[in-house]
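Whatever order the structure lists them in is the order used to number ligands and atoms, beginning at 1.
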Amino acid sequence: MINKYKVGNPIETQTVITKVKLNNDLPPIINQDGSLTISDITDDAVIYGLGETLHTINKKGFRYEAFCKDEPHHWEDKKALYGAHNFFIVKDKNKCFGYFIDCPSFVSYDMCFTHKNKIIINFAYPDYYLYEFINNSPLAIIKDFRSLIGKSYLPPKWALGYGQSRWSYKSEAEVLNVLNTHIEKEIPLDSIYLDIDYMVMFKNFTVNQNNFPSLKGLVSKLKENNVHLVPIIDAGVKDEVGYWVAEEGKTNNYFCKDQNGKDFIVGVWPGYSLLPDYLNSDASKWFGKQYQKLLDLGIDGFWNDMNEPSLFYSQKRINEISKYLEQHQDKPDLNTVLELQEKINQLPNNMEDYKSFYHNYNGQVIAHDKVHNLYGYFMTKSASEYLNKDNSNILLFSRASLIGAHRYGGVWQGDNYSCWSHLKLTLQQTISLNMVGFLFTGADIGGFAGDCNEELMTRWLQLALFQPLFRNHSAIYTKRQEIYSFDNWEYLRELLYIRYALLDFIYDELKYARDTDGLYFRPLSFDYPTDLNTLQIEDQAMIGRSLMIAPILEANKTRREVYLPETMKMLRINSLANITEEVLPKGYHNVEVKLHEFVIFIKKGHELSFFNKATNSSSAGKTIIKKYKF
Ligand code: MIG
């Protein structure tokens, strides 16, 4: 059963694309001020959902915020990341219900944090549609929800192959070096990513000719090896005289405006920049067309960054700080300095800035903070609508998102850190993102910030080889993280061979999840709803219809507890040539998993095929070399 309620004056988000009849009452869980309280959460209840957030698969006991944020520190004290995914499910032994809050501005969730039996939801602007779902299971509720929001984006098959990225491969020579090293060492590869340094002064749709004298030539050289070059596009546009994107956008009023109707100036990578108004359909079409320049070079994949939008600073706030400095020029006292420091800390992603610029959405002028969470979503939509106008299937994924964007592109999980807790986090995030429709997702393999050692890379790949987006990316100034930078790169390469041997399985299962509005990555409890032990399993996952994974997620560990909700066949995989099988009964097991092996489990009545060894998606999945049945 689905109930739709309207509270206040909601702004249309285009997330729900199926008509649902509006209930004219107010929702029973509403308070006077428009906030929501669900006060009968029992002690045994589990809460699922919220997509890309922190913490556990079971969201209970924490607070969250849905307000897309460039948050480079994914630590437990944080409440928001890049996505805003307002869908959750509550399941206890007697009932199961879910809510989707269709709202593009700030929403906060107190998930039994302040009061252990209460969910409290607050709004910056209590104007929203509320969808209530009642059904027998979380999975049934997810299917009900997904039937309203449309099918999930899936990339072309090559995009499930291995991608090598770095902030940044700065020149043709560096890109070719990555390509050639993979070829020489027979390391699988399907894509190489370009980060912001391929552009001139970080200007979208420009190419630095000194470093990339012929990007077209480079793209075709890569294509000869079936490798795709995937450049980044940032949300902001450099404010520069003579730069056609800035000029055209200004002439046509395609950028976000300040309260006086002047273009709002923010600071991002290119310095002072303009924010395209992706919410304005003309601006959106115009920006989408810009990708043609790169399509003309043979490029067929993009990643969109900084589209929360991330603001390093605004001109307005910099002016305030200069004024403050002027006023306190002579012998500033401690408080003056501390206040200055605070002003500087408050520069990035400042709420006052988000309130100071405006969109033209469906002919209405709306302050940004009221529609903040639409920004990344509509950037993805802008790109997707142009790129796929003639049904080409272009790879596209984004950092920021709102539910709705799942129809247009995938998401990567942003600036994680090369640490063990973030390895576990990506398993949990991938599950929660699947619940809200983002099937094509993954984190930067090995971690983005900080240095990754060989053991972490090994364990990370053992998990990631089941995640749809399979990209190794790392930040500037960190230790090199390409597979071949590690001593025992041959074992890491073996893991990539296993990925390619399973590529067909992954592709088919993703398609199945999309077509059935299901989940490719699931918590155990979805498959074994009557088994209460599964509710506590936060470090295993069901994959596709046939598999369970139980990766090692801690340093210096060669054993872990694995819970089997039924008898399964365990495969112990060291290499494609060395796979052993063993049937394990239902229950808890302490399983040895040495560094150069990992275990997966086949469910009863299923089978898993490994295809031929391949170094590229074009040659993967031709012949079955091994088949395991249970
Ligand atoms: O402020 O383009 O999440 O993947 O390498 C950092 C540079 C901007 C953030 C992205 C990351 C990318 C980086 N970007």
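Judged as a ring-ring contact (aromatic ring centres under 6.0 Å, His included), the pairs with a partner in residues 441-475 (not counting sequence neighbours) are, in order, Tyr162-Phe470, Trp303-His473, Phe448-His473.
Every protein residue with a heavy atom nearer than 4.0 Å to ligand 1 is included here: Trp167, Asp195, Ile196, Ile232, Trp269, Trp303, Asp305, Met306, Phe312, Arg399, Trp412, Asp415, Phe448, His473.
Ser273 and Asp239 share no side-chain donor-acceptor pair at under 3.5 Å. A donor-acceptor pair shorter than 3.5 Å can be found between the side chains of Trp244 and Gln290. Side-chain N/O atoms of Thr53 and Lys59 include a donor and acceptor closer than 3.5 Å. A donor-acceptor pair shorter than 3.5 Å can be found between the side chains of Ser401 and His85.
Taking the ring centre of Tyr278 as origin, the terminal cationic atom of Lys381 falls outside the region bounded by 6.0 Å and 45° from the ring axis.
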